Amino acid sequence: MYKVRNKRIALIIAVVFALSIMLPMAAFAADSITVTSAAKQNVPEDQDTDLGWIRVSVDDEVYSGGSLYVDVDLPTDVKFTKDEESSRSFGPVDASTAYTINFSGDNSVTVGSGADDDIYVDVTVRWLDGANNLIDKWEGSVLVATKGDGSLTVSTDNIPTLSAGEGKEIADITFEENIAGAAVGAYVYLELPGSYAKWENPSGITPSGKYGLDDTVTLTRIDDNETLVVGPFDESSPFAGEVTIENLPITLFPNAPEGALEVNAWCTDGDLMGDTTITVAYVGEADIAVSVEENSEADDAYVGATNVELNTIKFESDSEFSGNDVIVYLPDGVEFDNVVGGRSDAVRVIDTFNDGQSVWVALDDGVEEAELTLAVNITADAVAGDLEVTVGGDADATAVLAEIKDRVSVTADKPEITVGLARAAGDITIVETAKNAFATNNGTLSLELSNGAVWASEPTVEVNGTEIDDVTINTDDDSVLDITLSNCRTTRIDTVVITDVEIDLDARVNLGDLEIGLLGDAVNVENAEEAVANVAIATVVDEAVVTTSFTLGDEGVTVVNGRTLVQVNLLVDVLGLAKSWDSATKTAYFVKDGKVVAFPMGENAIYINGVKVPVDQGGMIINDYTYATLRGLQMAFGGELEWDGATKTATFNFTK
């Protein structure tokens, strides 16, 4: 028993001795070779590029001479550019010195689109002694790069608050690429909201940058100065570059809305920089009061009148004006003509825009109040009532400067007519709305038809209830009817009635309302060629198109599952379709232009020339009558179908 115990102790001692020899060797094998790496970010695809580096070294404490050999295997779809190989061996090198492998120069690579976003390389390091015996070995994968698409970003800094005016400097704008050379050759377009801001001449503005990206950048205005072109960008090296543009001047119109002034930016290379919006300034608040003063020289603002002098606009400030600008917006139908009054030492009209409906005015320095009187043209599109203007820019107000008046009112009947000769249009009644609106001394009243229509005959015309003979179709333009009022015996004309109206219509006429324009010096003393009113005297319809309505609750009309169903006989009569009925299969057939459409009763399908088309509601038999859906007919034969939920009415426009 004693001997056995001694043998066990001897065995344990032997194992402990063996382990004491192997453990230091294992530690040596694990720690003697060190591999470190650096990864390059945003590596581009499909071009010669650099990656990071790998460094291999042997621990000084265990170094015993010898050489290092390194094998590198690139991952899928990554190859050395020079020989298009995916692996290389490096060495032998002296193991006493750290050895670095750079993926650049002859070792640069091409990264394909199929490569992983994180690029790891497999590395095997062998340390051999002078007799080529293996001392130690290291194997593993190290990260040397991450893929990235080349991009260009745009940002702003030092964003100012601006008021309207010229030479306003916006925020600094910076363009920055994420990969060296990503933006080479690209142009960026900066678009201002042209209705209230324009780029001024950028000469003298020199972009600044780093790594050479700014070397060739120029600034060019296009699109009526609404757009600024920046570029081309030059090649940056060795790092991703950036360009900053400072002190860019713009003209900010007084109609600019308060808040952020935004610029739309996009690049010729959409993959490099997508469309984006940047804030380049903030528009400040208004600080000028606006009022209206009665002008003894103001004119009556009749529709059709020109050079109408309005009441005076007065601008006031708590302190002296200092580079303030305002804009006056005229309503529809009113156009700026000229400035007929105002203090020349305080008010300057800089420009008009929006087709003459907006007037930009500068209030010069040194005074606390200023006045402006405008003259305008009142077009035929003007609506009778208050002539209210809106004042913007450094002011914020509305002001009524006159009352727009119609000289006459025009009404007419509006029957439906089709293209053809001698079509009967509606009677026309013209009544004066302002005293002495008709000019009786030398007045001619003209009625002008729209395109595609001419007068077929001279209508009957009564003035104040008495028929007159001075009615002729214009010899130069048979779309114009001239009525001479100057020969009327009455001293005052207040009503003109035109009946027995016949017109010829050709294919040029538009479907819908057929209008006449009312013009001539009898109703528009200042501009006899401009119409002061328009009225529809007929509705032109296409005789091949039928418009019919079916209202829920009418006989033969019902709604099932949200679909309008109509009795088959009623549909045939209204739409002009041929129909038949198969009692054996309980199927209704509709025929038009060689197309046969079947509605099997009780089946949620229709058959168009034998082809089954599923529908959410098919034909039905209700109270022994066959019904078909309007939606099914529209699918088969076309047309337009509308539903009015308020009146529960389906309207079908259908070509016979």
Side-chain angles (χ1 to χ4, degrees), residues 37-53 74-79 81 103-104 108-120 143-159 170-192 199 202 205-220 222 227-246 248 260-280:
S37 66
K40 181 178 180 180
Q41 296 182 340
N42 295 319
V43 171
E45 293 180 345
D46 300 324
Q47 66 183 60
D48 185 7
T49 186
D50 298 342
L51 303 181
W53 47 261
L74 300 176
T76 301
D77 212 11
V78 180
K79 295 182 182 299
T81 305
F103 291 90
S104 60
S108 62
V109 303
T110 300
V111 179
S113 59
D116 292 338
D117 290 341
D118 292 333
I119 300 174
Y120 286 86
L143 180 69
V144 293
T146 58
K147 284 170 54 177
D149 295 331
S151 65
L152 185 69
T153 58
V154 56
S155 60
T156 55
D157 193 18
N158 301 321
I159 302 176
I170 62 171
D172 301 341
I173 301 177
T174 298
F175 305 91
E176 186 174 3
E177 61 182 0
N178 70 330
I179 300 172
V184 173
Y187 290 82
V188 174
Y189 293 75
L190 302 176
E191 181 184 18
L192 282 166
W199 295 106
I205 304 296
T206 302
S208 61
K210 58 184 180 180
Y211 305 125
L213 192 64
D214 60 319
D215 286 350
T216 59
V217 170
T218 59
L219 309 175
T220 307
I222 62 172
T227 303
L228 185 71
V229 183
V230 181
F233 293 99
D234 203 355
E235 183 169 3
S236 57
S237 179
F239 306 109
E242 66 179 48
V243 175
T244 298
I245 307 173
E246 300 177 351
L248 272 174
L261 174 63
E262 295 183 333
V263 167
N264 291 327
W266 71 93
C267 183
T268 49
D269 183 351
D271 294 331
L272 182 66
M273 186 184 82
D275 293 359
T276 187
T277 301
I278 55 174
T279 298
V280 297

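Here the structure is a predicted model, which is why all the values come from computation and not from measurement.
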Close side-chain approach of [X] and [Y], heavy atoms under 4.5 Å:
X: K40; Y: V144; answer: no
X: L152; Y: V188; answer: yes
X: F233; Y: T216; answer: no
X: V230; Y: V217; answer: yes
X: L143; Y: D118; answer: yes

Shortest non-hydrogen contact from [X] toward [Y]:
X: T279; Y: I159; value: O-CD1, 3.6 Å
X: D214; Y: P207; value: OD2-O, 3.7 Å
X: K147; Y: G112; value: NZ-O, 3.7 Å
X: S236; Y: G181; value: OG-N, 2.8 Å
X: V111; Y: P44; value: CB-O, 4.0 Å
X: E242; Y: L213; value: N-CD2, 3.6 Å

Hey, could you give me the [atom1]/[atom2] distance between [X] and [Y], rounded to the nearest 0.5 Å?
X: I222; Y: T227; atom1: CD1; atom2: OG1; value: 5.0 Å
X: D172; Y: N158; atom1: CG; atom2: CG; value: 4.5 Å
X: Y187; Y: L272; atom1: OH; atom2: CG; value: 14.0 Å
X: W199; Y: L192; atom1: CH2; atom2: CG; value: 4.5 Å
X: S151; Y: M273; atom1: OG; atom2: CE; value: 10.5 Å
X: D50; Y: F103; atom1: CG; atom2: CZ; value: 11.0 Å

Walk me through it: do T277 and V263 pass the test side chain to side chain contact (heavy atoms under 4.5 Å, CB included)? CA-CA 6 Å; T277 301; V263 167; over 6 Å; no
Other residues, nucleotides, ligands: >12 heavy atoms within 6.0 Å of E235 CD: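 For E235, atom CD is not crowded (no more than 12 foreign heavy atoms under 6.0 Å).
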Indicate yes or no for a side-chain donor-acceptor contact from E262 to the backbone of I278 under 3.5 Å, with no hydrogens or angles considered.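 Checking the backbone N and O of I278 against the side chain of E262, no donor-acceptor pair under 3.5 Å is found.
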Could you walk me through whether D48 and S108 satisfy the side chain to side chain donor-acceptor pair (under 3.5 Å) test, starting with their C-alpha distance in whole Å, then the side-chain angles of each, then the deciding distance to 0.1 Å, before giving a yes or no? CA-CA 7 Å; D48 185 7; S108 62; 2.6 Å; yes
Check the angle between the aromatic planes of F239 and Y211 and answer parallel, tilted or perpendicular using the 30° and 60° thresholds. perpendicular
For the pair I245 and L219, evaluate side chain to side chain contact (heavy atoms under 4.5 Å, CB included) and give the outcome as yes or no after the intermediate values. CA-CA 10 Å; I245 307 173; L219 309 175; 3.7 Å; yes
Does either side chain, that of T81 or that of T110, offer a donor lying less than 3.5 Å from an acceptor on the other one? yes
Return yes if a side-chain donor-acceptor contact under 3.5 Å exists between T244 and S208, otherwise no. no
Criterion side chain to side chain contact (heavy atoms under 4.5 Å, CB included) on V280 and I173, from CA distance to verdict: CA-CA 8 Å; V280 297; I173 301 177; 4.3 Å; yes
Verdict with supporting geometry, L228 and L248, side chain to side chain contact (heavy atoms under 4.5 Å, CB included): CA-CA 10 Å; L228 185 71; L248 272 174; 3.9 Å; yes
